[in-house]
Each structure stands twice: as structure tokens, then as C-alpha cells.
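The sequence lines fix the lettering, A, B, ..., with proteins before strands; numbering per chain opens at 1.
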Amino acid sequence: MMLNKQLMKAVLGHTCNGRVIVGNSRPHIRLSRCLNTTNQDSSTSAQVKEVSDNEPTQQSIVRKPKRPPFIKNLFLGRFDKEMLTYPEVLDKDRHELLHEMIVPIERFFEEQVDGEKIDKEAKIPPETLQGLKDLGLYGQQIPEEYGGLGLGATEYARIAEITAIDGSIAVTLAAHQAIGLKGILIAGTNEQKEKYLPQLACGEWTAAFCLTEPSSGSDAASIQTRATLSEDGTTWLLNGSKIWISNGGYADLMTVFAKTPEVLPSGEVREKVTAFIVERGFGGVSSGTPEDKMGIRGSNTCEVYFDNTPVPAENVLGEVGGGFKVAMNILNSGRFSMGSSGAGILKKIMGWALEHAVTRKQFGHHLSEFAMIKEKFARMSVAIYAMESMAYLTAGMIDGQEEADCSVEAAIVKVFSSEAAWHWGSECLQILGGLGYMKSYPFERYLRDARILLIFEGTNEILRLFIALSGLQHAGNEMKGMIQKLRNPLMNPGFILGKGIERIRQHKDNPKLDLNLSDSLHPSLKAAGDILEYCVKRFQYSVETVLARHGREVADPKNQLELARLANCAMDIFAMTAVLSRASRAYCIGVRNSSHEVQLAMTFCDEASARIKTMVKDIENGPFISNDSTYAKIADTVIEHGGYAAEHPLTRVFW
Amino acid sequence: MASTSSLLWGRASSKFALQYVWNVSRRLQSPVFSNTFQCRRRITTTPLQAARKEHNEEKTSLTIQGYFASKDRSKETFLTACDVFRDKGPHLRGHVEFIYAALKNMEDFGVHKDLELYKKLLNLMPKGKMIPQNMFQVEFMHYPKQQQCAIDCLEQMETHGVMPDTEMEQILLNAFGKYSHPIRKYGRMMYWMPKFKNASPWLLPDIAPNDAFELAKLAVARMCTVDPASTLSVFETKDVEDAIEDTWIVSGQSLVQQDLLNKHSPDEPIKVEGPFRIFLRDKCVGYFILRAEAKPRPPPLKRQEIDDVGDLKFWFTGEMQPDEEVAVSHPISVHEQEDGTILAICATGTSGRIHSCLGSGCWRIQTQTWPTYLYCLHKPVLLEIS
């Protein structure tokens, strides 16, 4: 096969180079192993390729494999080695089409988008918006039959990388299609799709997503907006107000969540969330003045009020009373693209910072010669590499799997990349020093824009809980029996003794490695593969420990620090998996600078494993050794005092 | 002796110093030594008992008592008395008697919490003469009467919670020198008193205000610290119809309590109880509580239930219904105690009198007035009494 030939070339070339991480005394063995691995690894993608070669019109829809959720299974200590094969979901046609599509979009953003002006005037000019519509960017994921581009997650993520170059535009687009109209795509009926999608796809209509209310932010189930069914049962009357609605000032169509009464067989009335498609034209919809924000200033954010807005019964999205699930599905599916957009911004501003570093001279040296500056660029590259790898791995999972359950992965991508974008954006600014702080440079604007990434679509704190609790819920069902025994050691001495042997290895920080993960990677990445395996094992141990320690009370507010640690571990393991599979693929097929990629991946794995090691140790040690309890006490004192409780250093008790 | 010498000849390490204090205090307790030193101090007695000192009265001669015979009992006259004594002559005879008499009269003059006056008194002691010059003088309590007088003065300060300062140290050093009992007493006071001074989490002014209204506000604010979301509001009864008299009401209620009150079933009575007492330093405030009967607490999760980690439910797995088991449990607020749910507290300008008029115990809020009460959550509770 072509692929294999390419592979051989890459590997041979690499052996000659001699820049190998594993000893190069047995090139033949390595070669054969590598080939083996790739054959096995690329089984899925090869299959897809063949199918699309033979019958390009039918795509691979029928052949999509169904896979278990990756991160959730990780909580059980199960590792899906298929993840170490970096997905190649785009066939040749789509790949080329995507890259043809990118050119005009890139040009448009370079030439016709004035980010500084948008930020200053807090408004995206209508001609810019029209340009975006003309490029088809308002209907990226809407199927072609409804006039959209019909892009998959991977293509969408790639385009998000470019549109992210202006935060305001990215948010406007995301509010429109990642959440605003996503409900129709996910849960809409055919009639609803036919009625609304064409207008939304061409940008004639803009969509918005109305969930947040003054009294309910992260806690979506507590919304106060009410909808009551009219006597004849044909119309719902919507009452309430929503805040911070992106595109809220001019959206023509809104996905609105409201509580509707549900009568139980017992005659009891309960209130459940229902999703509605609301046109502005229904009447009774009004918007407040646009909010003045720190960043993404060009995007339109305002309050939206519903005053007896009549909504026809056929505009209920999904089932009556099933709105909560719709909301969660929309939010879960909208997050994955934040990784690629974050990476897109960072790559861009890192380039500018680098330009400065190589031209600016201080103390007779260019900034780029100083180790502290170089380290920033290096670490930044590692972070970007991880962001990108995770984002496209997740997108590949969504595209390449049947009914992919990627909610946790998407949340991980969002948390990791939002934090990296904020931190490394700030470091880029730091490289320019005082210049970076000036408004005449774009760094401060990007930094302000990036700040919202940590907050919206679920704050990072909430998402960390989501990551940990989703995993624990998944693991809990299976580990139920074991946890019960672990929590009652005296009643189950036999089990505890048996478990003890495994535990002794874990206590010594030396888990048994039997997953053979490095077999699925290029041999030069063996060391990193082993580290990954160690992390997977340690993670499983920490999940067990946390569940055994808290039982059902694991979700109590007081136990959040341990959940956050579990979430951080899961994030790092997912990132390690992503960078390793990407680097392995790159090295095998001989992508340009692939040895650089291997270095990026190895470095990331090394540091991530160190982080995981500490976090697992902290979990194992419990709150008293890990300082959690001390921090809780400090916070209690502060809360009791209504603020910083230490006396001013200048305070005198006596004279 | 060994410890004494170490104090005198070398710079005593703190360990030695402690050891020395311990030795001395043991000796002071034993009857033999107390006779020798004429020590009146009883270390085991409480400060209050120690401060009684009736025995000093006999020693106060009539002439000395005359200094404090002024009708005008104020700080100025007290200061004048001290000045008159100081300026009387170069010999400064009888200053021990004068200081004892002054100490006794301080409370009368209302200056017993005034550090300045204590300094003034101790500063009357002659300087230099009483400083021990050798280790024997140190060990055998040089000028015992004078030292004891200074110690008693410090003791009275301690009783009244007056903390000395470094100027006081200087005064004592000038009179008795470094190796003297008053200085040791001073050292102990300076170790403990700053710590005690700031030990209470509720900051109060050194002297609690005399104004009942200010006191009431302080008291209600202090009790409201159980819930950081509490707000304190002041009402004038004249703003409320049916008010029986014109006074103020300081009320404290938190958002949680308002919420609890909102949810309270109108069929169940709410009681106003009180007055209870709360002390702010030496002053007392009576307050009332608005109390509902305690709700039965949800039974704690059984062991088997906690152990069962299958089928966990969280906020994102679907909407929780009130009766459904919630993994993120809604905690019981601090206001819901086992003996009742406290819905508000208040103190009034005439709380004592209302109390005496109506007798103790609790009063039922009439069901008719209940909706009015519910309507303005912060309405003074006392006026709702039937």
C-alpha cells in the first residue's frame, strides 16, 4: 500500500538520521514493529479510505465504527488503543475542498476584518457580517440539502481556527451555529429543519441561544422563565427574561429554554424544562441595550425579554419536558471547536511575538537568544501542540464514530485550551514587555478576548466537575460492588487481601503496566507510551481511592478539590494520548518537522506525567496532608470575616 | 540561687528565665516565703478575689483619703490629686499609701480603665533608689512594700483589662530596675494580654458604648455573624401602624431566613421569644427571636446508601425533582436548629418594658396579622404580638 511505502521511507530515513530516542542498534526489528503497528492502527482509517475511493458519493456513513467512550472508560482503567491512531477522517475530496475553502476565508479575515476597529467601536460592521454570510460561514454545519456547507466536526474545527482571529466574529458565529441553531440540527423535526435551516444557513436569519438567566447561570435546571399552554393546546405563552445572550440584540430566531408544567399520573404538577424555537416575529420579544464587555466587544450581548410571547406548539424543540437534555446536548457538542480556535489565535500571536524577539536587541543580544524568552516559545509550542492534537482528535472521534459520546472529551478540550490561550497569550504580551501593554499592539485585545473562553459555555470549574463526575458516574456503575467491599474492609477480608497486593504496588508508586500502549506507537515514542500507561494506571487507582473514600457523597461540595484533581488527571491523560498519537502518525508518515513533533510530544508527556504523579499522590494522601483542609479553614476564616482576615502589617497592638 | 545568678551575671536565656519565674512563683506560694516577703499575692486566687484587697483600707490614713474626697469625681480631679501629692514636697513620703488609696478610688472616679492614670500613679514612685545593686537584693525582694504596691497596681490593671505599654515598662524600670518583680509581672502581662485582647472574633470598642441604640446594633450585628448574608436594619415604630409606643427596633435577618419565612406554612404558628440576654463587655442587651417550630431533619443517608456508587445522579444528568435523591445535597442552614428555626432577631428600645408588661414566655402571632408580616419581611416583629 502507498501508505506503507511512505512509512518505510520515513522510518528508514529516520534511522539513517540517527536522531532517535530509542537505541538504534536494531533497525530491522523496529521497522517491522512499526509497520505492524501502523497496519493495525490504521485499520479503521484505511477502511474508510478504500470505501471512499470506490464509491465516493456514498461516503463512509454505513461503515462508521461504534466505539465506547474513551475518557469515561479511562476512569475504569480501560484504554482504547484505537485512540493512539490519529484519526484521518477526511477523504481526498473533502480534504481538498476544505483547503480550497480556507483560502478565501483566510484572505477575507486578513483583508477585510479590522479587529481593532471592531473592538473600539464595539460593533461588527454590517459589510463584514455580509462577507461572512457570503462565504457561507453562517451555515457551516448545516447539511447541504438545507443550503449549508455540510461540514463535519473536523472541517468546522479547521475553519474555527481562522475565524477565531477576531474574537467578536468567532463568538458571533459560535452563538449562531455552535449553540443557537444546533438545537434544530440535533433535536429538530424535519419540518422545523425545512422551515428554518435554509434561512439560517445563508445568514438571512441569525440565531441565538437563550438559557442563562439572572438567577441561573451554571445551574441550568433552575431557570425561572415560564411557558404555559393555551386552552386550545396550540400555543405556548412564554414569559421571563434571559441575560447575556450573544446575538440577542438582533437574532431572528432563538432557542429558548423555559419551564413547563407537567402533570404526573398521580395528579401532581411538576415543572420541567422545555426547549422552544422562538422567532422574533412572534411578538413580545424585546432586547436590552448591548452590554459593555471586557473583551469580544464587537459581539452583541444583551438581555432578552419575553412578554407573553406566543409560540406555536409545533415549535417545541424535542419533547415537552425534555429541554434539559437538549440544552446539555447542544452545549456538549459546541465545545470541541474551542481547542482549534484557541490554537489558531495562539499560533498567530506567537508569530508576532517571535517577530519582535528576533528583531529587538537588548544588552547586545536579540531577545530570541535569551533562554528565558526561548523557553516561553518552546513551552508555548508544546501547549499549542497539545491543544491542536486534542481538538482534532476529538473532532475526528465525532466524525469517525457512530453516535460518538465525546461530551467529556469536548469539555477537556475546552478547559485545556481556554486556560492555555489565556496563559500563553499573556506570555506573548510579556515577551513584548511594555509594548505589548500598549493598545497600539493587538496583544492586549487578544488577551481580553481570550478571557471569556474560561467563562462561557460552562465555566472551567463547572466543566472540571462535569469531567470528573461524568467519569465517576460511568465508573461507579461497574465498580459498585468493589467500592462497597472497599468501604467495608472488615466484612470482606478476602477481597481486601487480594486487593492489597495490587494496592501495595500502587502505594509504592509502581503500578503493574500490562496495557502495552507503546506497541501502538512508533518505537521512538516508547518511553512516552510507557509514561502514559503509568498515568492511566495511577489514574484508575486514584478513581478507586476517591470513590472508596467518599462513596455516594463524592459529589458533595466539600469534595470538589479531589474531583478537580481527577479532572486534571483526565485532561492530562487525554492530552498525552492526543499528542502521542499525532506525533506517532506524523513520524511514521514523515510529516515535515516530524522529529520536532516527537520532541513536543515527549516533552508534554514528561511534564504531564509529573503533574499526574503529584495529583495522584495528593489524592492518595487525602485532605490533611495535601493541605486541602488547611485551605478550607483559611477560606472559612475569610468568609466569616467578610474578606481578607489578616491584620494590616502596620497594626500595633500596644505602644 | 543558681538561676538568679544566671539572670544577673549572664544574659538569661528564655529557658532560664522561665525556670526562674517558676521557682519564684513556687516560693511565693509557700507560707514561709510569703511571710518573709510580706507577699500578699495569692497566685491561685482569681483576679477578682485578688483585687479585693480590703486589707489596704486600714492602712490608708485619713490624710491620704483626703486627696480623693473631692465631690467632683472625674479624671481631672483624680489627676489633680496626683499632682498635688507629687508637688507636696521633695521627700515624697507615703507614696505607697497614696497609690493604694488611689487604686481603691479609681472605679469611683470612672478612671479604672484609663492607662494614663495607672502610669501617672506608678510614676509617683521614687526613681533610682529602689533599683537592686547586687544579686542578694534581687533575690530578697528589694523594697518589698514598694514592689508589692506596683504589682498590685498592675494586678488591678489586669483585672480591668487595661494593657500596659512600653512607657509603663520604662516607668517600672526607672523605679525598680530590670530584675524586679513588677517588671516580671509586667512581662507576663505583656505576653498574655495582647493575645487575649484580640482573641475574640467579634471586635468591640475598648469601652462598650453607653447608648442603648448603639449597643443594640452591635449586639444584633454580632449575632448575625452566623450567616454572612445577614443584613441589619433599623425601624422606627412610628412608621408602623398600631405601634404602642415610639421607639426603635434593630432587626437582623439574612436572605436565607427571609427565604425560610417565605416558605413557612401560614398554618403553623411563629413565636416571638425573649428577651434573651447578650453581653457586650460589661453591658447587657436584651433581644428577641422570631422562632418557628423545628422541622424534622431528613434522616442521614444509610451506610449502604452512601456505599452504593452505582447510578449516581448529578446536575447534568437531568433535572432533579425535589423528592429525588440529590447528590449535591441542599444543606440545612445554620438557622434551622434542632430546637427551632430562627427566622429573625431584633432588639428594641423598650424591650425590657414590653417584656415586663407581657410577662415572659412566647406569644403567638395572630393568624390574621400573618399575611401582613409575610408581606414585609423586615417589619419589626414585636409589633405583631397579639
Side-chain angles (χ1 to χ4, degrees), chain A residues 218-222 259 264 268 270-273 321-325 327-328 331-332 407 458 462 465-466 468-470 472-488 547-548 550-558 560 637 639-642 645 647 651-655, chain B residues 115-116 119 157 162-170 186 189-199 201-203 206 221 224-230 300-331 334:
Chain A
S218 300
D219 182 8
S222 68
K259 287 249 165 140
L264 296 178
E268 223 181 315
R270 275 179 173 175
E271 299 226 295
K272 296 202 89 178
V273 179
F324 190 80
K325 252 194 184 116
M328 288 298 130
L331 289 171
N332 287 343
S407 54
I462 281 289
L465 293 182
F466 174 74
L469 291 177
S470 298
L472 288 179
Q473 186 188 31
H474 182 80
N477 284 327
E478 204 158 312
M479 290 160 77
K480 192 174 153 185
M482 184 179 73
I483 297 297
Q484 244 156 5
K485 286 179 191 162
L486 275 177
R487 284 175 65 82
N488 296 292
L547 276 181
H550 301 297
R552 207 171 183 77
E553 289 170 335
V554 71
D556 269 17
K558 62 176 190 296
Q560 283 185 352
T637 314
I639 292 164
E640 206 175 285
H641 281 79
E647 271 298 331
T651 307
R652 295 286 301 252
V653 180
F654 52 82
W655 286 101
Chain B
L115 174 63
E116 190 195 337
K119 282 199 277 196
M157 286 170 67
V162 183
M163 194 169 70
D165 59 6
T166 38
E167 194 190 341
M168 178 72 101
E169 183 184 19
Q170 212 50 54
Y186 167 85
M189 283 169 82
M190 286 310 266
Y191 179 79
W192 286 111
M193 291 187 81
K195 291 177 175 56
F196 289 142
K197 187 183 175 190
N198 292 313
W202 298 287
L203 199 63
D206 280 342
C224 279
T225 50
V226 291
D227 185 345
S230 296
L301 281 180
K302 287 199 197 92
R303 184 63 199 254
Q304 288 93 334
E305 286 170 340
I306 299 175
D307 287 351
D308 180 11
V309 292
D311 193 28
L312 293 171
K313 277 186 182 159
F314 307 119
W315 85 94
F316 53 82
T317 47
E319 284 169 85
M320 301 281 189
Q321 294 303 332
D323 52 338
E324 254 181 295
E325 188 231 0
V326 188
V328 179
S329 55
H330 293 291
V334 68

Once side-chain hydrogen bond (donor to acceptor under 3.5 Å, both in side chains) is applied, do any residues pair with Trp192(B), and if so which ones, sequence neighbours excluded?
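In terms of side-chain hydrogen bond (donor to acceptor under 3.5 Å, both in side chains), with neighbours along the sequence ignored, Trp192(B) is linked to no residue.
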Contacts of type side-chain hydrogen bond (donor to acceptor under 3.5 Å, both in side chains), residue Glu116(B), not counting sequence neighbours:
Lys75(B)
In terms of heavy-atom pairs under 4.5 Å with chain B, which of Leu472(A), Asn488(A), Leu547(A) leads?
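When all of Leu472(A), Asn488(A), Leu547(A) are compared, Asn488(A) has the most.
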With no hydrogens and no angle check, is any side-chain donor or acceptor of Lys259(A) less than 3.5 Å from a backbone partner on Ala221(A)?
yes
NZ/NE/NH1/NH2 to OD/OE distance under 4.0 Å, Asp165(B) and Lys119(B):
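A salt bridge links Asp165(B) with Lys119(B).
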Tell me, side chain or backbone of [X] under 4.5 Å from chain B's heavy atoms, or both, or neither?
X	value
His474(A)	neither
Leu465(A)	both
Ser470(A)	both
Ile462(A)	both

Name the region of [X], side chain, backbone, both or neither, that has any atom closer than 4.5 Å to a heavy atom of chain A.
X	value
Asp227(B)	neither
Pro228(B)	side chain
Glu169(B)	neither

Are Val162(B) and Met193(B) side-chain neighbours, meaning at least one heavy-atom pair lies under 4.5 Å?
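Result no, sub-4.5 Å side-chain heavy-atom pair not found.
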I'd like to know if the side chain of Trp202(B) pairs up with that of Thr225(B) as donor and acceptor (distance under 3.5 Å, no hydrogens or angles considered).
yes
When only pairs under 4.5 Å are counted, which of Glu167(B), Arg303(B), Gln304(B) shares the most heavy-atom pairs with chain A?
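Top option by heavy-atom pairs under 4.5 Å: Arg303(B).
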